[in-house]
Amino acid sequence: EDSSYINIEFHDSATHHPLHMVNSLGYTLGSLSRNAFALATSGDEEKSRVSSMLVNVFSAWSASKEWNVSLPKGENAILLSVSATQVAVTSDLHYVRTWTLGGVQQHIFSLPGDPVTLSSHNNMLSVAHYSGNALTLSL
């Protein structure tokens with residue numbers, strides 16, 4: 001099996017040093033802010049692996065520098081966003097979950113349609129989702 005790696009390099013190396021890690025869990029989603037980075041992976045029923053998220057906080061004020069969380073079985077992370085104050089994940093079951101950078105879960109809410117994108121800034125979160133039926137064309 002091929003090994004994959006995650007490399008995070010910063011323009012201002014005086015602020016943050018480069019990070020290099022083996023991608024042993026197969027992370028497919030990532031998000032980066034000034035204060036933290038987050039990685040997430042979808043679950044794999046064949047390997048009995050649930051969807052999980054890893055968060056690494058750069059700031060010294062955080063009680064926990066690195067933490068992880070698993071989503072409930074059958075729920076897979078499809079969108080991920082990290083800001084200066086929070087981490088958010090949207091799942092294939094239309095749930096949006098948010099945590100503080102310290103790892104305390106804040107909110108869980110459901111979207112009325114399929115998630116499209118997720119973006120966050122400081123303590124604000126923006127979620128775009130489909131509303132209504134998709135347009136289908138028959139030729």
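Between the CG atom of Leu32 and the CG atom of Asn35 there is a distance of 10.0 Å, given to the nearest 0.5 Å. In this structure, Met21 CE and Ile8 CD1 are separated by 7.5 Å, a value rounded to the nearest 0.5 Å. Annotation: the span from Thr41 atom OG1 to Leu25 atom CG amounts to 7.0 Å, rounded to 0.5 Å. Distance check: Asn76 CG to Thr28 OG1 gives 9.5 Å after rounding to the nearest 0.5 Å.
In terms of heavy-atom proximity, Leu19 sits nearest to Phe58 at CD1-CE2, 3.8 Å. The two residues Leu80 and Ala40 have their closest heavy-atom pair at CD2-N, 3.9 Å. When every heavy atom of Leu39 is checked against every heavy atom of Gly30, the shortest pair comes out as CD2-CA, 4.1 Å.
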### Pair Phe37-Val82, side-chain contact (heavy atoms from CB on, under 4.5 Å): steps then yes or no
CA-CA 7 Å; Phe37 75 85; Val82 63; 5.6 Å; no

### Task
Before giving the answer on side-chain contact (heavy atoms from CB on, under 4.5 Å), spell out for Val89 and Tyr95 the whole-Å C-alpha distance, their side-chain angles and the decisive distance to 0.1 Å.
CA-CA 8 Å; Val89 169; Tyr95 290 113; over 6 Å; no

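Contact annotation: the side chain of Met53 never approaches that of Tyr27 to less than 4.5 Å [non-hydrogen atoms, C-beta and beyond]. Looking at heavy atoms from C-beta onward, Val69 lies in side-chain contact with Trp99 at the 4.5 angstrom threshold. Side-chain contact between Val57 and Glu66: absent, with no pair of heavy atoms (C-beta onward) separated by less than 4.5 Å.
Other residues sharing a hydrophobic cluster with Val22 under the 4.5 Å side-chain heavy-atom criterion for ILVMFWY residues are Tyr5.
Legend: residues meeting side chain to side chain contact (heavy atoms under 4.5 Å, CB included) with Ala88, ordered by chain and number and at least two apart, are Thr98, Leu118, Leu125. Remark: Ser70 engages Val50, Ser52 in a side chain to side chain contact (heavy atoms under 4.5 Å, CB included) (not counting sequence neighbours). Partners of Asn123 according to the side chain to side chain contact (heavy atoms under 4.5 Å, CB included) rule, which considers only residues two or more places apart in sequence or in another chain, are Thr85.
One hydrophobic cluster, built from ILVMFWY side chains closer than 4.5 Å, cannot hold both Ile78 and Leu54; they sit in different ones.
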Which pairs would a plain distance check flag for residues 100-112, meaning a side-chain donor or acceptor within less than 3.5 Å of a matching protein atom at least two apart in sequence or in another chain?
{"residue": "Thr100", "atom": "OG1", "partner": "Gly102", "partner atom": "N", "Å": "3.3"}
{"residue": "Thr100", "atom": "OG1", "partner": "Gly103", "partner atom": "N", "Å": "3.3"}
{"residue": "Thr100", "atom": "OG1", "partner": "Val104", "partner atom": "N", "Å": "3.1"}

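For the side-chain hydrogen bond (donor to acceptor under 3.5 Å, both in side chains) test with Ser81, the passing option among Ser119, Ser33, Ser126, Ser120 is Ser120; the others fail.
Sorted by first and then second residue, the salt bridge (Lys or Arg N to Asp or Glu O under 4.0 Å) pairs with a member in residues 86-107 read Glu75-Arg97; sequence neighbours excluded.
For Asp114 and His94, the side-chain atoms include at least one donor-acceptor pair closer than 3.5 Å.
A distance-only check finds a donor-acceptor pair linking the side chain of Ser83 to the backbone of Asn122 [under 3.5 Å].
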